Number of protein chains: 2
Amino acid sequence: MAAESKPLRSDAARNRDKLLVAAAQTFAERGLDAPLEHIARRAGVSIGTLYNHFPTREALLEAILPQRLAALEEINASALADPDPWSGFVGLLEGIFTLQAEDHSLNDAMVQSFSLSTDMSQACGGGLGDVERIIERAKAAGRLRADFDVQDLVTLVWAMSQVIRESMDTAPGMWRRCLSFFIDGLHAEPAAQPLPSR
Amino acid sequence: MAAESKPLRSDAARNRDKLLVAAAQTFAERGLDAPLEHIARRAGVSIGTLYNHFPTREALLEAILPQRLAALEEINASALADPDPWSGFVGLLEGIFTLQAEDHSLNDAMVQSFSLSTDMSQACGGGLGDVERIIERAKAAGRLRADFDVQDLVTLVWAMSQVIRESMDTAPGMWRRCLSFFIDGLHAEPAAQPLPSR
DNA sequence: GAGAAAGTTGAGGCAACCCTCGATTTAGTT
DNA sequence: AACTAAATCGAGGGTTGCCTCAACTTTCTC
């Protein structure tokens with residue numbers, strides 16, 4: 001929105017960078033509610049300085065997460081670029097969860113951004129149109145069951161986030177197995193039971 | 001193990017009961033890490049009295065949860081009693097998650113009891129033999145895919161617990177839809193893709 | 001290199017929750 | 001009614017994390 005209103009003093013710019021690095025690492029390791037003091041210490045800076053640059057935890061997150069979530073755009077893009085709509089769709093799922101499995105903060109963020117509606121969710125919401133397109137394309141090709149929609153993907157993200165959280169430190173990759181089961185339930189053919197209503 | 005070693009004084013017995021009721025309600029509403037002070041206040045008793053009766057949070061939980069988890073035994077029993085192995089298996093899943101959806105503390109407990117191995121998980125573990133039998137029966141009938149096992153059920157509990165947690169206050173019942181998708185992936189027939197390894 | 005503006009610091013106040021222990025009250029007994 | 005063991009009470013000390021602000025230090029400019 002505002003261009004950089006004030007040019008930062010050199011030491012301030014340096015500290016801001018150190019804070020961003022430390023925050024990214026700490027959040028990735030310990031999740032979105034990691035203590036801000038840890039971040040300040042890791043950056044070699046006092047807690048007051050942290051608050052100077054980022055008056056709230058959210059400000060700090062907004063400085064970090066959009067960059068990370070940008071990877072989602074790429075995932076969307078290559079899903080759409082896939083000539084096979086179904087494998088594009090499956091690639092989307094695998095891409096999302098691989099991302100979440102690599103980074104505690106993304107895992108947390110994916111859950112929260114769909115609960116709360118922060119500015120951050122827009123960064124992600126920008127890509128949500130693409131997601132819809134990927135889903136529709138797979139349906140139109142007769143490969144994805146017709147009653148699956150974006151909200152169901154959100155629910156799936158909730159579900160997988162917990163699987164990832166519980167297993168990421170002890171058995172990373174376990175989530176793939178769970179996802180496989182789920183994907184096998186998403187094929188168009190069986191149309192086993194009519195779904196319960198929303 | 002020990003029979004009631006000392007008969008409680010009448011007021012103590014009364015307070016203990018009030019604490020158990022208050023704790024059950026509070027945990028059900030707010031999850032397993034609800035503040036103990038809330039429970040004491042709700043029981044009309046001081047925090048010191050709570051600690052008198054239950055020296056740790058775990059002691060309190062062990063006095064409450066086994067009773068609640070006993071419902072699982074019934075669910076197992078009626079799943080095994082079902083003449084159709086597949087619908088017994090599906091009934092098992094629905095039973096478990098219905099329970100979790102009614103009670104925050106059970107939802108938390110089902111996740112934690114599979115992570116940590118407390119005494120509590122044994123109450124649940126006692127029934128795990130039954131669960132295995134239900135799974136095997138559905139496989140033997142050729143209805144449940146052969147590569148599904150108990151560990152996969154644990155993973156499913158993790159997954160569904162998050163869906164339930166996120167939706168139970170705003171859209172209770174939404175989890176059923178998610179479960180349907182998953183169940184449709186568990187049929188024996190499609191055997192779509194070989195699963196990724198553990 | 002001196003002055004002003006910008007930035008940094010960390011102790012300290014606040015809040016939530018945990019748990020303890022000496023003073024006090026109560027239930028049961030003779 | 002008096003006594004005692006059992007039970008209760010709740011203030012207080014400990015911890016963790018949040019956030020602020022007045023005193024200090026650094027950078028930048030002239």
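The structure displayed is predicted, hence computed values, not measured ones. Naming: A, B, ... by sequence-line order, numbering from 1 per chain.
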Salt bridge B/R14-B/D17, side-chain N to carboxylate O under 4.0 Å: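 A salt bridge is absent here (no side-chain N lies under 4.0 Å from a carboxylate O).
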With a 4.0 Å cut-off, would you call B/E136 and B/K139 a salt bridge?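 The answer is yes: the pair qualifies as a salt bridge.
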For residues 87-98 of chain A, run the donor-acceptor check on the side chains, cut-off 3.5 Å, and write out each pair with its distance to 0.1 Å, sequence neighbours left out.
{"unit_1": "A/S87", "atom_1": "OG", "unit_2": "A/D82", "atom_2": "OD1", "d": "3.1"}
{"unit_1": "A/S87", "atom_1": "OG", "unit_2": "A/D82", "atom_2": "OD2", "d": "2.6"}
{"unit_1": "A/T98", "atom_1": "OG1", "unit_2": "A/E94", "atom_2": "O", "d": "2.6"}

Whole-Å distance between [N] [atom2] and [X] [atom1]?
| X | N | atom1 | atom2 | result |
| --- | --- | --- | --- | --- |
| B/D17 | D/dA7 | CG | C1' | 15 Å |
| B/L60 | C/dC18 | CG | P | 11 Å |
| A/L36 | D/dT16 | CG | P | 16 Å |
| B/D33 | C/dC17 | CG | P | 10 Å |

Which of residues 37-45 of chain A have a heavy atom under 4.0 Å from DNA chain D?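 Nucleic-acid contacts, sorted: A/E37.
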Of all of residues 48-56 of chain A, which get a heavy atom below 4.0 angstrom from DNA chain D, listed by number?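 Output list: A/Y51.
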With sugar-phosphate taken as primed atoms, P, OP1 and OP2 and all else as base, the protein-contact string of nucleotides 22-30 of chain C at under 4.0 Å (heavy atoms; B, S, -) is ----BSS--
DNA chain C: 5'-proximal contact among A/A13 and B/R57 (nearest heavy atom):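 Taking each residue's closest nucleotide, the earlier one in sequence belongs to A/A13.
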Is there a path of hydrophobic side-chain contacts, each under 4.5 Å between heavy atoms, that joins A/L50 and A/L8?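 No, separate clusters.
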Residues in salt bridge (Lys or Arg N to Asp or Glu O under 4.0 Å) contact with B/D11, at least two apart in sequence or another chain: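 Testing B/D11 for salt bridge (Lys or Arg N to Asp or Glu O under 4.0 Å), a comparison that skips the adjacent residues, returns B/R9.
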Pairwise salt bridge (Lys or Arg N to Asp or Glu O under 4.0 Å) hits with a residue in residues 24-49 of chain B, at least two apart: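 Counting only pairs at least two positions apart or across chains, the salt bridge (Lys or Arg N to Asp or Glu O under 4.0 Å) contacts touching residues 24-49 of chain B are B/E29-B/R42.
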Would a distance-only check, ignoring hydrogens and angles, find a side-chain to backbone donor-acceptor pair under 3.5 Å from B/S78 to B/A81?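 Pair absent, no side-chain N/O of B/S78 close to backbone of B/A81.
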Are the side chain of B/D108 and the backbone of B/L32 linked by a donor-acceptor contact shorter than 3.5 Å?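 Flag set: sc B/D108 to bb B/L32 pair under 3.5 Å.
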On a heavy-atom basis, which atom in [X] and which in [Y] lie closest, and how many Å separate them?
| X | Y | result |
| --- | --- | --- |
| A/A159 | B/V163 | CB-CG2, 3.6 Å |
| A/S105 | A/L65 | OG-CD2, 4.3 Å |
| B/Q151 | A/M174 | NE2-CE, 3.9 Å |

Below 4.0 angstrom from OP1 or OP2 of C/dG7, is there any side-chain N or O of A/N15?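 Negative; the distance criterion is not met.
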